[in-house]
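Structure record follows, encoded as structure tokens.
Because the structure is a prediction, the values reported are computed rather than measured.
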Amino acid sequence: MTSPAARRQQSTGNDPATRLTEAERDFIKEIDAHMTREEVLSDLKACLQLAVQVELATIPIYLFTYYSIVRNAASGEGIDPVQAFANKAAGVIMSVAVEEMLHMSLSANVLFAMGGAPQMYGKAPESYPALLPGHKVVGPPGPDGETSERIPLAKLSLEQLWHFLQVEYPEALDANPQKQDWDTIGQLYSYVRCLLESNKLSDADFQRGAAAAAIQPYNYSPNNVDTVYPTGKFDPWKPAPPTPAPAWSDGYPSAAEAARFANYADSHAGKSQLLCVSSRLDAIDAIDTICDQGEGYPVPNLGASAYADTSKGEDSHYMKFLRLQAQFSGYADCREKLPSQPPPPPPQLPTITQEALDERDLVVAFPRNPTSGSYPAKLQPIANFSSALFQYMLIMVETIYKVPPEGQKLFFNEGLHRSMIWVMDKYFLTIREIPIGNGEFMAPVFENFSLGDQATSFQALATAAQATVDATTALVNELDPDDPLVSVYNNVAFYAALAVGKPASVVGSARPLPDVGPYWRQ
């Protein structure tokens, strides 16, 4: 059988299509022999929706740990190895979160091409620690030798990086394709790949949702200001090359020279990283990109590798996290179970201790697995709004498929970009300054907060924002005017009001997030 993947020309320099394993070839024969076309189509749509929810479940896990890291504790010329590690860890974690959003979008684009309506709103795990959708309930042993299959929301630590490895654990070469009770995410995507490669499908099956109405490639960038990190000390005042350094330069490199991005532009199969789908081959490319970036596959040799791209510049998600963990004190003594491929790295230098990160306040003391109800009653509206923001972001992703193609770029920039960068990011960075007792500070919550129907969700978001403004106003009134928390609570109120554009006296002329209601009432 000549598969669609085998027919793809490898002239673009992108990742080559992953060859089928023996287990996959055997399963494709079973599909061709025993499943009807209607069963394959139905199974594929269900698996793609499951894939969307798997990727969605990982995003809060990574964002929570990212926001536990303090990146700005030292200026460029004052960065030492501990601060450099904290910066690198944050950049790497955010780089993976960005690609998980890409993976969610790729699975959604394939489903949309088949005529499906991708669902994200209210589809995140009900609570954390969470078992990823479809994941086997028995996982490999962690650093302490104990098995923990559920993945928590927790601050940066050696243990939390192990939980990240559980998410991205490489698929064994002889693993069976699985849509339920899988050991690795790769098995789920292997199942999807087998359905795509069966003789029951044709290109026409991926032309039921117009490619022009899918999430477009121009909406994705592999890097942003949060995925960059410095390799060491740098002079924050030194111009970037080729401008000559001023006479007062102390010899450190410029910020541009010291900067590193964790994601590379060539880590994708097909024409682009975010791919619109109009053929079976496009769908296969989309799934290949997800697998290569997460677990890594060397082609032509096939099997798990350390890399996500053809230039061998970008590690797979699994290896990104493993290299970070290898720099932690205690890595050499871990009793965690690691696969032999790709080969685990030796301990990385300089060694970083948890004590150094905590004592230097480079990792915020977040509570584990917080819920709105776990916070004091006075703070619960603030927690609820972090969930409301997250859910409205998911609604906006669903809405993209309803926006006319000519308006999608503006909608994405005013909606998704503004919500993630100018509201959610600032809101999370602000609430982590609020003490909650026992030496801990407030952390974001990612619950399935109900905003009602999508058609009226903006009004519900505005109600949640107003509740936050009211709560912070009451908290400020209880404080001495000189208390540093006054400015923190005022900033919380500002970002909540900014999301919905009111009250105008707070946010001035700043534009709110877009109201998606008209797109859902058409």
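Of the residues Gln325, Glu314, Glu168, Gln293, the one that meets the side-chain hydrogen bond (donor to acceptor under 3.5 Å, both in side chains) test with Lys320 is Glu314. When the options Glu100, Glu99, Met120 are evaluated for a side chain to side chain contact (heavy atoms under 4.5 Å, CB included) with Glu55, the one that passes is Glu100. The only member of Leu357, Asn87, Leu156 that meets side chain to side chain contact (heavy atoms under 4.5 Å, CB included) when paired with Ile69 is Leu156.
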Query raised in the report: Under the side-chain contact (heavy atoms from CB on, under 4.5 Å) criterion, do Cys334 and Leu158 qualify, and how do the steps go?
Result: CA-CA 9 Å; Cys334 279; Leu158 177 77; 3.9 Å; yes
Report task. Please report the C-alpha distance between His268 and Leu275 in whole Å, then the side-chain angles of each, then the deciding distance to 0.1 Å, and finally whether the side-chain contact (heavy atoms from CB on, under 4.5 Å) criterion is met. Result -> CA-CA 9 Å; His268 62 91; Leu275 192 65; over 6 Å; no
Requested in this report: Could you please spell out the steps behind the side chain to side chain donor-acceptor pair (under 3.5 Å) verdict for Tyr264 and Asn223?
Outcome: CA-CA 8 Å; Tyr264 279 56; Asn223 288 294; over 6 Å; no
Query raised in the report: When you look at Met420 and Met393, which way does the side-chain contact (heavy atoms from CB on, under 4.5 Å) test go after all the steps?
Result: CA-CA 8 Å; Met420 289 184 286; Met393 180 188 77; 3.4 Å; yes
Requested in this report: Apply the test side chain to side chain donor-acceptor pair (under 3.5 Å) to residues Gln459 and Asp515: give CA-CA distance (whole Å), side-chain angles for both, the deciding distance (0.1 Å), then the verdict.
Outcome: CA-CA 8 Å; Gln459 287 70 38; Asp515 181 355; 3.3 Å; yes
Requested in this report: Might you work through the side-chain contact (heavy atoms from CB on, under 4.5 Å) test for Tyr375 and Met442, ending with a clear yes or no?
Outcome: CA-CA 8 Å; Tyr375 287 121; Met442 195 169 189; 3.8 Å; yes
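Annotation: ring-ring contact (aromatic ring centres under 6.0 Å, His included) contacts of Tyr427 (sequence neighbours excluded): Phe385. Contacts of Phe85 classified as ring-ring contact (aromatic ring centres under 6.0 Å, His included), with partners at least two apart in sequence or in another chain: Phe328.
Between the side chain of Gln119 and the main chain of Gln49, no donor-acceptor pair closer than 3.5 Å is present. Checked by atom type and distance alone, the side chain of Gln391 pairs as donor or acceptor with a backbone atom of Glu447 at under 3.5 Å. Using a distance-only test at 3.5 Å, with no hydrogens or angles considered, a donor-acceptor pair links the side chain of Tyr121 to the main chain of Leu451. Not a single donor-acceptor pair under 3.5 Å links the side chain of Gln348 to the backbone N or O of Leu324. Looking at Arg418, its side chain never comes within 3.5 Å of a backbone N or O of Val423 through a donor-acceptor pair. A donor-acceptor contact shorter than 3.5 Å is absent between the side chain of Asn438 and the backbone of Glu440. Remark: side-chain polar atoms of Thr472 are not paired, donor with acceptor, to backbone N or O of Asn490 under 3.5 angstrom. Although no hydrogens or angles enter the test, the distance criterion places a donor-acceptor pair under 3.5 Å between the side chain of Arg335 and the main chain of Asp144.
For Lys426, the NZ atom is densely surrounded, since the number of other residues' heavy atoms within 6.0 Å is greater than 12. Within 6.0 Å of NZ in Lys88 there are 12 or fewer heavy atoms belonging to other residues, nucleotides or ligands. More than 12 heavy atoms of other residues, nucleotides or ligands sit less than 6.0 Å from atom CH2 of Trp520.
In this structure, the side chains of Gln354 and Ser329 stay at 4.5 Å or more apart for every pair of heavy atoms. Side-chain contact between Thr430 and Val488 is present, with at least one heavy-atom pair separated by less than 4.5 Å. A heavy-atom distance below 4.5 Å is not found between the side chains of Pro444 and Leu63. By the 4.5 Å heavy-atom criterion applied to side chains, Tyr220 and Ser272 are not counted as neighbours. The side-chain heavy atoms of Val363 and Val70, taken from C-beta on, include no pair separated by under 4.5 Å. Inter-residue side-chain proximity for Leu416 and Asn219 is flagged as unmet; no heavy-atom pair is nearer than 4.5 Å. Proximity of Val192 to Leu48: side-chain heavy atoms (C-beta onward) are separated by under 4.5 Å at one or more points. Counting only heavy atoms from C-beta outward, the side chains of Leu102 and Val98 never approach each other to under 4.5 Å.
With no hydrogens or angles considered, a side-chain donor-acceptor pair links Asp470 and Gln466 at under 3.5 Å.
Between Phe321 and Phe164, the two ring planes are tilted [angle within 30° to 60°].
Between Phe446 and Phe428, a ring centre-to-centre spacing shorter than 6.0 Å is recorded.
The pair Glu478-Lys378 meets the salt-bridge criterion, with a side-chain N (NZ, NE, NH1 or NH2) lying under 4.0 Å from an Asp/Glu carboxylate O.
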Please output the side-chain donor-acceptor pairs of residues 400-407 that fall under 3.5 Å, not counting sequence neighbours, one pair per line with the distance.
unit_1: Tyr401; atom_1: OH; unit_2: Asn109; atom_2: N; d: 3.4
unit_1: Tyr401; atom_1: OH; unit_2: Asn109; atom_2: OD1; d: 2.8

